[in-house]
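Read through the structure below, which is laid out as structure tokens, and then see the notes.
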Amino acid sequence: MLRTKALMPAPAAYIYAEAVRTLSDESGGVAQRRRLLVCGVVQGVGFRPFVYGLARVHELGGFVRNDARGVVIEVEGAKERLDLFAAALAEQAPPLARIAAIETSEIEPSGEREFTIAPSAEGGERTALVPADIATCDDCLRELFDPSDRRFRYPFINCTNCGPRFTIVRAVPYDRANTTMASFEMCEQCRREYEDPANRRFHAEPTCCPECGPRLSLGLDEAVSLLHQGKIVAIKGLGGYHLACDAADEQAVARLRERKRREEKPLAVMTSEPELLVGLSPAEEALLRSAERPVVLARRRVDAPVAASVAPGTEWLGVMLPYTPLHHLLCADFAGALVMTSGNLSDEPIAFENAEAERRLGEIADAFLSHDRPIERRCEDSVVRAAFPLRRSRGYAPMALPLPVSAKAPLVATGAELKSTFCVVRDDQAFLSPHLGDLDTELAYSAFQTDLELYLQMLAVEPELLACDLHPDYLSSKWARAQELELLEVQHHHAHAAACLAENGETGPALALVLDGTGYGPDGTIWGGELLRFDLADFERISHLDPVPLPGGEAAVREPWRIAAAYLERAERPVHFADWPRVRESLKVNAPLSAGAGRLFDAAAALLGVREQISYEGQAAIELEQLAGHAKAEPYACRQEDGRILAADLIAAIHDDLAAGRGRTEIAAAFHEGVAVAFAEACERAAEPRTVVLSGGCFQNLRLLASVRRRLEEQGFRVLVHSLLPPNDACISFGQAAIATYSVR
Ligand SMILES: [Zn+2]
Ligand SMILES: [Zn+2]
């Protein structure tokens, strides 16, 4: 048996056409027969029709069929033709296919002349990969808006190249019977298209039409008119419900925020004219238009027709293009930008079942625009910046990420708590879950268990090993400890470092700067401003921020001024916050020590009057970055002692400069550069190895990221950063998975 990792050079169709023409003049040699097993993302992406067409071009007999491992092809004909077929298979595969491997074996010829698409094989090992959901393609869009087409304005139009996948799949192989479309019987016309090899809906599993397919629960015109009146409409999408309102209507947005209990965290906007709202770099434009259709953070235009309360306190606006036919119709009819935020209360999991949504969103939404195509599994919108994702979810899940080593046995890594994800590993493939939200409520916890169960079913994995965070109280860790399986507990920042390293295909050793909010340290203090020397098996804490007490514990995270006060005391500077004498008392009873870099940014933001209280995680730091902008400033100095970075020096400098009347923007810039210099210097002291990975939520701060990276590179370090995974805690499960895979061999 021959096993090849398929290479995918540019298509060279004309070469094959030429070669086939030459061949067809010959009578052909003795017929041979080959069986090819194609693994990877090859179901639900138009692969069988493509194989069918290819076999016809090369005049081969045989069949193609889905099975639980991928696509099985048997082809019979002259050797030369078989070779051309095999080469074209890898090189001309449909754009959404991801071929992982092709196994080829010679078998007995049977004299077959015809080529057919055979029914899927039942049973066997289930390793076929389910594709991610795919945004409506251009061909379907044309039909959607063509009055003469029978699917004119039909909100569920799709084809072999587009439509729902991951969110409707119940099991592999990917056939209609294994999706939530199973209950919709195809009408005669749809059936004909589905069975016609020349039709672009040939074996398009979710295909349907107004005759036979799903229906909306509310007229589109009515929904649009409600939106124009400033109402909030819950709209059923691909992986769950959105809450929508007119993005230009200040009162509508304010009402949505109040009902959803989301005070200031930015809301995403859907528009078919993004250029009216944001300035786009070519990279941002490409991401926005990619088949994954994520929310892209881009710089808001000053004249953008969007209410100020959509994204207060930041110049960044999350925009996305319509990605389902329903969205396209809505955007076209509404003719303006719509807020499209997750259908949930604050940071709970997104609602995705009709009855559940009506129960949970009934108090928020004025109306529901729903339909009767069930969503099998929840999947929230992905959020990306040009350089890296902030949330890797719809459009990406369940696409696997490769690990640098192969797992001895299947395993599950349960992730962290905020921005939670889990990760399932089979061989060297890491299947990251969609975004699960913050795992600190009963609702989120039960969603975590359900989603994990569904994921394991889909992947046919029974884990033999678990990995979780060292934290004593994370629900994801508690769940893992309650299972009767071998368990590896991983330190939070080691997982961060490992995620970035493994994402870059390496196993170490390396240095890691992990600048993060909160993570449980083995010494019982809170870590988060760390320089580690590590590999995928182990780590050593080389240097870290000198910890300060968090007066009142969690309360200090919500009220950054408390941390500023603690830092000022450490720096022997006066504390002017009015509540300090009272809060200071809490130092005696509840003041865990924290070395978190996020807390240092909070303190600086509070001192600069950016924000004394926050309403969502990371808010103070985001607004501090905004204040610093691109201003130039000499970095503040900061002493280092016995592996401790004395960041109180930075806070003292802010205090003194404020007292001297220096501009806040310049101070914020000097602080950013001071932090970058301090950590770059720590790396210089550590000296070896010469590779540094950067991870942790603070590296979502582009100014900090750029400055640290530049300084390290100038010092001669090789710097590895995230590009496939978010730097925040969403990458933790992948890091745990990498460590578990590497350690247990
Ligand atoms: Zn299509
Ligand atoms: Zn139909």
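Start at 1 and go down the list; that is how both ligands and their atoms are numbered.
Under the 6.0 Å cut-off for aromatic ring centres, His371 and Phe156 qualify, their centroids lying closer than that.
Put simply, the angle at the Zn ion (ligand 1) from SG in Cys159 to SG in Cys140 is close to 110°, to the nearest 10°. With the Zn ion (ligand 2) as the vertex, SG (Cys190) and SG (Cys212) define an angle of 110°, rounded to 10°. In this structure, SG of Cys162 and SG of Cys137 enclose an angle of 110° at the Zn ion (ligand 1), rounded to 10°. Here the angle at the Zn ion (ligand 2) defined by SG in Cys187 and SG in Cys209 stands at 100°, rounded to 10 degrees.
Taking the charged nitrogens against the carboxylate oxygens, Asp139 and Arg201 have no contact shorter than 4.0 Å, which rules out a salt bridge. With respect to Glu193 and Arg151, a salt bridge is recorded, a charged nitrogen being found less than 4.0 Å from a carboxylate O.
Annotation for Lys231: atom NZ does not count as buried by contact number, only 12 or fewer foreign heavy atoms lying within 6.0 Å.
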